[in-house]
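For clarity, every value in this text was computed on a predicted model and none was experimentally measured. FYI, the numbering just counts along the sequence from 1.
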Amino acid sequence: SAALSEDGTESSFAGQFHTFLNVPSNLVVEKINKCRESVFSENVALYCKQHDITKEISMSVIVQQMVQGDYSGVMFTANPQGLLNESVIVIGKGTGDGVVEERVPTTSYYYNNTDKLYYYEVMDDSPVLGREKIEELIVYGDKLKKLFGEYLDIEFTIKSGQIYILQIRPITTLKISKTTILDNSNIVESYPGITLPLTQSFIEFAYHSVFKGVAFRCLRNKKMVEEYDWVFRQMVGSANGRVYYKISNWYTVIKFLPFSKKIIPIWQEMMGVSNKEHDDEKNDISKFQRMRVYFNAVYEAFHVQKGMEKLNASFDRVEKLFCENYHECMENGQLVSLYNQIGNAVLKDWDITLLNDMYGFVFTALLKRKLKKIGVKNYEQETNRYISGITNIESMKPVRELVALAKMAVDEGWTKRLEALNNDLMVKEFMQSNQSYFADRFNNYIRQFGDRMTEELKLETKTFRSNPKLLVDKIIEYGRDREKLNNLHNTLNCKDTDVSVKFSNNIPKRKIESVERLSRRAMQGIKNREISRLNRSRIYGMVRTIFLTIGSNMVKEDLLDEIEDIFYLRTEEVFDCIKGGLYDFRSLVRERKGRYKQFEQLPPYSRLIFAGAQFDKTVRNVNQAENERCDATILIGTPCSNGEARGEVL
């Protein structure tokens, strides 16, 4: 059957008309008549009444050669649930009627069209296709989209390895409102893999506060800032337990800035945004207001370095506030009060870091373009060399001090005693009771750099501060190869190398001076960025300590089974409970642990495009596809420099 009324956006008539398979030639006319007669069935009449369809239905009939497929299925070029850059393939053994009517076990494939990654879920002994056949189906889908439209429902069968396309129609259940684009460019460095609810809710609050602050710096208009509050609340989002930027909202914010058309490509390059598409729609503000924004933004650009100096100086006061007020025996109400005090002290000025990042991005880009303009070969690598030769940069200090601490432990014979410490409590007691320069230096390292490590911005991450045994293990690890440790110590303590670019003699002096000015500004922006990042890790360390203490109190109050269960709760749930709200946290944590365990099985997609609001997937028995084009000797990852680097693979 092929009725003209079928597969419309308002009504699909799914399953209402007849289709017959394996019809012998002597019954073809009879079955054609039965297809036509199915228009007049009681089911169709009831369907028309329910959907308020009054026009006459015109029925045609298609007769085509039967293919006795080994496997059959349906492919959606977008996930009908509302995920636009994910194709879904459902396949089972035999002909298509068994799959459509759910009479045979099926395997469902979920293929991310941006990353070319997929996973699949099987039922009983349903068939599993290799990557080659899945990608062949995806290629067919791409070809058909060019002919019939973007979002298609395609029925197919496979006979002796050959794919046959049987039917194509639009996906009638897909409702597209305002699309939501999640992109992990740049943010995946801070939040790789799964990020638990406590961290997710905290960074939503932090990004909202910081972006609202920077918007007020540029707009100087409280009413307008409040109008765009919904944008600032959604700078980051999550799907399937992973953190993403809501990338369209970032473009909305950047479009407030002067010369935004020139800034956007610079921002995309520095952030590593691979998909450059964005809408050209301007923000809805008057010309007068836009002029004020331009003036304010230029003013802030000239004062960004002073603002960063003020922020860096104020951090010492924040740290002092925490150290003087925090103790392990605090009650939950006191901990919430301390959390709010730290938040108020930090967030009122922290938005300057965004302007400093933009400052560093812009001057790095200008330096690169200047070197290109005056004819410097390999100008991109030269730019990187120019701005990366500062071994005294803030991010190197924790590494340098850790190596020095390890060398001291080896030289002074502390290693054996450290190896006898089996847990965090033993380490704390040893360092408190031992009156020595080494113990003082160990404790000072934790105070200054105890929060600086991989995935430091996840509150659930175990750090040197929360788990000092990790620092002991690291010192012992460094000490196992004394020669290597000494070489590393000498390398880290050498003077900055000369990284100036060698210009040819015909380059005018004024152009060289211009390059030097741009490099100084770029390096200043980067230096301040590194200082603020170290301070940021300390702030997260304070927040982590506060919530771990709340978790400890909740275990004592019989609200949680384990201290670390606090990380499966959102900040607002924790605070509401402390105020007197009633929650069954045990059941909530148990349910979320199960869901997040499932999320861990999903591939790490870089971009997700939703037809409306974002949502988490419901997954059953996830199988990730093996990457057949790679072998065990190839490492897969994200490169962060376009030059050559030499180092030890960890």
Side-chain angles (χ1 to χ4, degrees), residues 1-81 88-108 123 126-127 137 140-141 143-145 147-160 162-176:
S1 62
L4 288 180
S5 304
E6 275 188 285
D7 305 326
T9 54
E10 299 300 322
S11 53
S12 66
F13 282 91
Q16 300 300 318
F17 305 125
H18 290 325
T19 290
F20 301 97
L21 305 182
N22 298 304
V23 177
S25 56
N26 63 317
L27 296 179
V28 168
V29 173
E30 178 187 329
K31 297 301 182 183
I32 288 174
N33 287 329
K34 284 190 177 293
C35 280
R36 296 179 65 191
E37 289 166 5
S38 63
V39 168
F40 307 107
S41 71
E42 288 184 18
N43 285 345
V44 172
L46 181 61
Y47 186 93
C48 290
K49 185 177 180 181
Q50 289 173 341
H51 291 80
D52 198 25
I53 299 169
T54 56
K55 65 180 181 181
E56 186 177 343
I57 301 171
S58 173
M59 173 64 77
S60 300
V61 180
I62 297 171
V63 180
Q64 59 187 31
Q65 183 180 346
M66 184 67 201
V67 180
Q68 292 292 347
D70 303 315
Y71 310 107
S72 299
V74 59
M75 173 167 60
F76 302 96
T77 58
N79 188 324
Q81 282 187 299
V88 180
I89 300 170
V90 182
I91 190 166
K93 293 177 182 176
T95 53
D97 55 328
V99 175
V100 173
E101 295 170 16
E102 300 181 354
R103 287 188 283 103
V104 297
T106 55
T107 302
S108 300
M123 293 171 56
S126 57
L137 282 165
Y140 269 112
K143 289 179 179 178
L144 293 168
K145 283 194 287 187
L147 296 172
F148 298 104
E150 190 70 19
Y151 307 121
L152 302 176
D153 173 345
I154 303 165
E155 291 183 19
F156 64 89
T157 193
I158 302 174
K159 174 73 174 175
S160 302
Q162 174 66 47
I163 295 172
Y164 297 87
I165 303 298
L166 306 176
Q167 177 174 295
I168 304 161
R169 57 187 172 192
I171 302 174
T172 56
T173 57
L174 192 62
K175 307 298 181 187
I176 302 176

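You'll find the side chain of Ile163 reaches within 4.5 Å of the side chain of Leu137, heavy atoms only. The side-chain heavy atoms of Phe76 and Ile154, taken from C-beta on, include no pair separated by under 4.5 Å. Residues Val104 and Val99 form a side-chain contact, since some pair of their non-hydrogen atoms from C-beta on lies under 4.5 Å apart. For the pair Thr95/Gln68, a side-chain contact is recorded, criterion being any heavy-atom separation below 4.5 Å from C-beta on. Inter-residue side-chain proximity for Tyr71 and Thr157 is flagged as unmet; no heavy-atom pair is nearer than 4.5 Å. At a threshold of 4.5 Å between non-hydrogen side-chain atoms, the residues Ser41 and His18 do not count as touching. Looking at heavy atoms from C-beta onward, Leu46 lies out of side-chain contact with Val44 at the 4.5 angstrom threshold. At least one side-chain heavy atom of Leu144 sits under 4.5 Å from a side-chain heavy atom of Ile165.
More than 12 heavy atoms of other residues, nucleotides or ligands shown are found within 6.0 angstrom of CD on Gln50. In the displayed structure, Glu150 atom CD is contacted under 6.0 Å by more than 12 heavy atoms of other residues, nucleotides or ligands. Heavy-atom contacts from other residues, nucleotides or ligands closer than 6.0 Å to CD of Glu155 number more than 12.
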Would Met59 and Ser38 satisfy side-chain contact (heavy atoms from CB on, under 4.5 Å), going step by step from the backbone distance to the final call? CA-CA 9 Å; Met59 173 64 77; Ser38 63; 4.1 Å; yes
Run the side-chain contact (heavy atoms from CB on, under 4.5 Å) test on Arg103 and Asp97 for me, step by step, so that the C-alpha distance in whole Å, both residues' side-chain angles and the decisive distance to 0.1 Å come before the verdict. CA-CA 8 Å; Arg103 287 188 283 103; Asp97 55 328; 2.9 Å; yes
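To the nearest 0.5 Å, the span separating CD on Glu30 from CD1 on Ile32 amounts to 11.0 Å. Residue Ser1 holds its OG atom at 14.0 Å from NZ of Lys34, rounded to the nearest 0.5 Å. Between the CD1 atom in Ile91 and the CZ atom in Phe156 there is a gap of 4.0 Å [rounded to 0.5 Å]. In this structure, CZ on Phe17 lies 4.5 Å from CD1 on Ile57, to the nearest 0.5 angstrom. Rounding to the nearest 0.5 Å gives a distance of 8.0 Å between OG1 of Thr173 and CG of Asp153. For the atom pair Met66 CE and Asn22 CG, the distance stands at 4.5 Å (nearest 0.5 Å).
Here the shortest heavy-atom pairing between Lys159 and Val67 reads CB-CG1, 3.9 Å. Of all the heavy atoms in Val90 and Ser108, the pair that sits closest is CG2-OG, 3.9 Å. Val61 and Cys35 make their closest contact through CG2-CB, 3.8 Å (heavy atoms, listed as atom of the first residue, atom of the second, distance). Here the closest non-hydrogen pair linking Asp70 and Ser160 is OD2-N, 2.8 Å.
Relative to the six-membered ring of Phe20, Lys31 meets both conditions, a distance below 6.0 Å and an angle of at most 45° to the axis.
The closest donor-acceptor contact from the side chain of Ser72 to the backbone of Gly69 lies at 3.5 Å or more, if one exists at all. Of the possible donor and acceptor atoms, one in the side chain of Thr107 sits under 3.5 Å from a partner among the backbone N and O of Pro127.
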